[in-house]
Amino acid sequence: EVQLVESGGGLVQPGGSLRLSCTASEFTFSSYDMHWVRQATGKGLEWVSGIGTAGDTYYPGSVKGRFTISRENAKNSLYLQMNSLRAGDTAVYYCARGEYCTNGVCSSPFDYWGQGTLVIVSS
Amino acid sequence: QSALTQPPSASGSPGQSVTISCTGTSSDVGNYRYVSWYQQHPGKAPKLMIYEVSKRPSGVPDRFTGSKSGNTASLTVSGLQAEDEADYYCSSYAGSNSWVFGGGTKLTVL
């Protein structure tokens with residue numbers, strides 16, 4: 001069974017930094033795009049970043065320039081470096097599997113999710 | 001990009017059908033077939049229920065169906081069961097390798 005396990009969340013002061021990790025198992029990690037999605041308490045889901053199999057990265061305007069997504073295929077691991085954190089970044093951060101494409105056919109993105117890790121930005 | 005618009009709540013009695021809408025724009029829902037729906041129970045991670053507008057992953061009951069018309073996608077849950085009570089979210093590809101989610105709909109089984 002596909003597993004995604006996030007870690008690294010915690011309490012950080014405004015302006016501080018935090019690095020989240022996601023360890024994947026039971027699938028060929030290097031063949032899939034990967035994403036981070038966050039959810040503030042009582043709020044909806046928000047896509048935070050994505051990374052392709054070639055290491056190409058994508059961000060929404062709300063985090064561009066502050067967050068950096070990366071991957072280490074040898075360790076089946078996904079990371080999210082978060083800098084200049086603000087109170088509005090407080091949320092549960094989920095790691096989610098993205099697409100796997102072969103011969104022009106792609107699987108569904110966001111088909112598996114981790115259990116999430118809580119980030120609290122507060123003084 | 002702006003979040004997709006979903007009604008905050010929906011409800012139905014056991015056995016009934018309920019439809020949840022997800023309204024976007026011609027830059028996301030209206031332009032791509034990559035619309036998905038997720039079910040989230042309290043304290044749990046989201047679970048994929050529908051992808052590419054109307055496809056069901058293995059293991060998802062056929063009581064869950066998806067459709068799309070123009071800029072609005074819909075999720076219909078037929079034969080409502082108590083375990084269907086949860087939050088439901090839609091998502092859409094929004095171009096340029098970006099994705100957008102909806103604000104969520106709380107489904108109550110009366």
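- Under a 3.5 Å cut-off, the side chain of Thr72(B) and the backbone N or O of Ser69(B) do not form any donor-acceptor pair.
- Residue Gln6(B): no heavy atom, backbone or side chain, is found under 4.5 Å from chain A.
- Contacts of residues 6-14 of chain A with chain B at a heavy-atom distance below 4.5 Å are absent; not one residue qualifies.
- Between Asp84(B) and Arg63(B), some side-chain heavy-atom pair lies under the 4.5 Å cut-off.
- Side-chain atoms of Lys68(B) never come within 3.5 Å of backbone atoms of Glu52(B) as a donor-acceptor pair (strictly under, hydrogens ignored).
- No side-chain heavy atom of Ser91(B) sits less than 4.5 Å from a side-chain heavy atom of Trp47(A).
- Between Ser78(B) and Thr76(B) there is a side-chain heavy-atom pair separated by less than 4.5 Å.
- With a 4.5 Å cut-off on non-hydrogen atoms, Tyr93(B) does not touch chain A at all.
- Here the shortest heavy-atom pairing between Val53(B) and Arg33(B) reads CG2-O, 3.3 Å.
- Between Trp113(A) and Tyr38(B), the ring-plane angle classifies as perpendicular under the 30° and 60° cut-offs.
- Side-chain heavy atoms closer than 4.5 Å link hydrophobic residues (I, L, V, M, F, W, Y) into clusters, and following such links, possibly through other members, connects Val63(A) to Val119(A).
- Taking 4.5 Å as the limit, some side-chain heavy atom of Asp87(B) sits within range of a side-chain heavy atom of Lys106(B).
- Annotation: side chain to side chain contact (heavy atoms under 4.5 Å, CB included) contacts of Ser92(B) (sequence neighbours excluded): Leu4(B), Asp28(B), Val29(B), Val35(B), Val100(B).
- With a 4.5 angstrom heavy-atom cutoff, Lys55(B) does not touch chain A via any of its atoms.
- Between the side chain of Thr105(B) and the backbone N or O of Pro7(B), at least one donor-acceptor pair lies under 3.5 Å.
- With chain A as partner, the option from Ala3(B), Pro46(B), Gly104(B) having the largest number of non-hydrogen pairs under 4.5 angstrom is Pro46(B).
- Taking the centre of each ring, Trp99(B) and Phe110(A) come in below the 6.0 Å mark.
- No donor-acceptor pair closer than 3.5 Å links the side chain of Ser96(B) to the backbone N or O of Ser98(B).
- Contacts between residues 66-103 of chain A and chain B, counted as heavy-atom pairs separated by less than 4.5 Å, involve Tyr94(A), Glu99(A).
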Item to complete: For Leu75(B) and Tyr88(B), run side-chain contact (heavy atoms from CB on, under 4.5 Å): C-alpha distance rounded to whole Å, both residues' side-chain angles, the deciding distance at 0.1 Å, then the answer.
Response: CA-CA 9 Å; Leu75(B) 172 70; Tyr88(B) 290 84; 3.6 Å; yes
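- Between chain B and the residues Tyr112(A), Tyr59(A), Tyr58(A), the largest count of heavy-atom pairs under 4.5 Å involves Tyr58(A).
- Taking the side chain as every heavy atom from C-beta outward, Asn71(B) and Ser26(B) approach each other to under 4.5 Å.
- Taking Cys106(A), Pro109(A), Pro60(A) one by one and counting their heavy-atom pairs under 4.5 Å with chain B, the maximum is reached by Pro109(A).
- No part of Pro57(B) comes within reach of chain A, as not one of its non-hydrogen atoms sits under 4.5 angstrom from that chain.
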Worksheet item: Would Leu107(B) and Leu80(B) count as a side-chain contact (heavy atoms from CB on, under 4.5 Å) if you check the C-alpha gap in whole Å, the side-chain angles of each, and the deciding distance to 0.1 Å?
Response: CA-CA 10 Å; Leu107(B) 174 60; Leu80(B) 271 174; 3.9 Å; yes
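- Contact residues of residues 20-45 of chain A toward chain B are His35(A), Val37(A), Gln39(A), Lys43(A), Gly44(A), Leu45(A) (heavy-atom distance under 4.5 Å).
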